[in-house]
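Indexing begins at 1, ligand by ligand and atom by atom, following the structure's order.
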Amino acid sequence: MSIPFNRPTYVGKESGYMQQVLKNNHLSGDGPFTKKSHAVLEEALGVPKVLLTTSCTHALEMSALLLNLKEGDEVIVPAFTFVSTINAFVLRGAKPVFADIRADTLNLDESRLEALITPRTRAIVVVHYAGVGCEMDAIMEIANRHGIPVIEDNAHGLFGKYKGKYLGTFGVMATQSFHETKNFTSGEGGALLINDKKYIEDAEILREKGTNRSRFFRGQVDKYTWVSVGSSYLPSDMLAAFLFAQLEERKKIQSARQRIWETYYKELGAWAEENHVTMPFVPAHCEQSYHMFYLLFPNLESRQAAIAHLKERGIQAVFHYLPLHLSPMGEKYGGKPGDCAVTERISDQLLRLPFYTNMADDEQKEVIAALKEFSVQ
Ligand SMILES: *Cc1c(COP(=O)(O)O)cnc(C)c1O
């Protein structure tokens with residue numbers, strides 16, 4: 001059997017809703033399914049405004065534009081994340097300032113945050129890695145004391161919670177991804193969550209080519225026109241229909257993922273301990289989103305050997321996030337080895353196991369059995 005790292009899951013109603021889009025004669029953006037998706041997310045999370053976007057990357061770009069970031073501004077970002085988290089800000093001319101991560105949750109290390117703040121810091125971007133919340137009490141206290149807005153890249157964390165409050169509801173804005181590899185998908189897709197209401201009107205204008213089209217449709221102005229700079233970040237209603245089917249089944253999707261995560265955790269515990277492999281850590285005050293299952297091997301050699309061992313058995317396991325500060329772009333901004341020591345170490349050690357909503361029990365059993373045949377030398 002060959003077991004992929006990821007496989008998209010269809011929950012059942014996607015094609016019916018897409019047929020409905022054809023009947024609605026509304027294929028462009030902001031149609032009935034986009035509105036339903038906005039409503040379900042706003043209601044479930046208690047967020048004042050949600051706007052679907054074409055990707056999480058584009059939602060991040062919107063947040064950088066809405067914060068009016070300019071050349072020379074500094075943005076603090078974890079060194080252990082996907083490139084989009086910072087690219088969106090660099091596109092506006094901002095300079096990334098890389099923060100190291102905690103060795104337990106792999107989230108931005110809040111104890112090192114304040115030392116990175118300068119008079120030029122214009123934003124702090126946090127990533128809830130694997131859908132486990134960052135230490136938001138400490139982060140928000142520091143950010144508020146310095147008057148710096150926080151953006152949450154919540155691509156992993158939809159429906160996860162920190163101290164009982166949904167991830168994505170702490171910062172001025174947060175971004176979601178509906179890429180094929182995320183818990184909920186439309187192939188490509190994303191959303192901007194706006195918590196600070198002062199950004200709502202500008203966000204609507206920015207997303208609709210710099211026009212006040214949303215106000216026109218609400219009857220607040222009698223014609224719509226070019227009022228500001230803008231672009232086009234809205235997905236087709238066809239994609240929203242696909243996504244809405246998945247959002248409606250969120251309980252089913254999340255409980256399937258929880259079961260897979262807990263099975264890995266239970267079945268691999270003794271093997272991990274024998275082999276000095278570290279299991280994922282979820283603090284008691286965090287409810288994770290069950291986005292991924294990762295293991296931390298003792299070093300690069302054992303991690304690479306595990307990948308090769310699984311590959312021989314037709315199982316695709318992957319690693320991710322090369323330290324951003326050591327990438328060719330990161331080096332341009334002065335990144336050097338040793339700047340973010342935990343990130344550098346974790347990047348060598350981390351392995352992600354196959355994990356997808358419709359993973360069959362026998363597929364998972366095979367992954368577990370294959371790992372148990374591996375021992376760290
Ligand atoms: C997947 C991901 C993104 C990018 O999402 P897209 O929707 O593909 O643009 C951004 N940040 C993180 C942390 C991600 O995992």
Closest protein heavy atom to atom 3 (C) of ligand 1, given as residue, atom name and distance to 0.1 Å: Phe82 CD2, 3.5 Å

Among all protein non-hydrogen atoms, which one is nearest to atom 7 (O) of ligand 1, and what is the separation to 0.1 Å? Ser177 OG, 2.7 Å

Residues 37-46 vs side-chain hydrogen bond (donor to acceptor under 3.5 Å, both in side chains), sequence neighbours excluded, gives none

Is His156 in polar range of ligand 1, meaning some N or O pair under 3.5 Å apart? yes

Does any N/O atom on Ser84 come nearer than 3.5 Å to any N/O atom on ligand 1? no

Say whether Asn195 and Thr169, considering side chains only, have a donor N or O and an acceptor N or O under 3.5 Å apart. no

Could you check whether Glu287 and Tyr166, counting side-chain N and O atoms only, form a donor-acceptor pair closer than 3.5 Å? no

Within ligand 1, which atoms have a heavy atom of Gly189 less than 4.0 Å away? 7 (O)

Among His179, Gln176, His58, which one puts a heavy atom closest to atom 8 (O) of ligand 1? His179

For Asn183 and Gln254, does a side-chain donor sit closer than 3.5 Å to a side-chain acceptor? yes

Are any of the N/O atoms in Glu188 less than 3.5 Å from those in ligand 1? no

Between Arg215 and Glu201 (salt bridge meaning N to carboxylate O under 4.0 Å), is one present in this structure? yes

Please work out whether any backbone atom (N, CA, C, O) or any side-chain heavy atom from C-beta onward of Thr57 is under 4.0 Å from ligand 1, and answer side chain, backbone, both or neither. both

Using a 3.5 Å cut-off on N or O atoms only, is Thr81 in polar contact with ligand 1? no

Near Ser55, which atoms of ligand 1 are under 4.0 Å from a heavy atom of that residue? 7 (O), 9 (O)

Flag for Arg345-Gln349: side-chain donor and acceptor within less than 3.5 Å: yes

Proximal atoms of ligand 1 relative to Cys56 (non-hydrogen, under 4.0 Å): 4 (C), 5 (O), 6 (P), 7 (O), 9 (O), 10 (C)

Near Ala155 (heavy-atom distance under 4.0 Å), the atoms of ligand 1 are 2 (C), 11 (N), 12 (C), 13 (C), 14 (C), 15 (O)

Numbered in order shown, the ligand 1 atoms found under 4.0 Å of a heavy atom of Lys182 are 1 (C), 2 (C), 14 (C), 15 (O)

Should Ala59 be listed as contacting ligand 1, given a heavy-atom distance under 4.0 Å as the test? no

Any idea which atoms of ligand 1 are less than 4.0 Å away from a heavy-atom of Tyr321? 13 (C), 15 (O)

Is there a nitrogen or oxygen of Phe178 sitting under 3.5 Å from a nitrogen or oxygen of ligand 1? no

His285 and Glu135 side chains, donor-acceptor separation under 3.5 Å: yes

Would you kindly confirm whether Leu116 and Val77 end up in one hydrophobic cluster when ILVMFWY residues are joined by side chain heavy atoms under 4.5 Å apart? no

Go through the side-chain N and O atoms of Asn299 and Ser302 and say whether any donor and acceptor fall under 3.5 Å apart. yes

If you scan protein heavy atoms around atom 11 (N) of ligand 1, the nearest is Asp153 OD2, 2.7 Å

Please list all pairs meeting side-chain hydrogen bond (donor to acceptor under 3.5 Å, both in side chains) that have one or both residues in residues 58-73, counting only residues at least two apart or in different chains. Thr54-His58

Mutual orientation of the aromatic rings belonging to Phe33 and Tyr17 [parallel < 30°, tilted 30-60°, perpendicular > 60°]: tilted

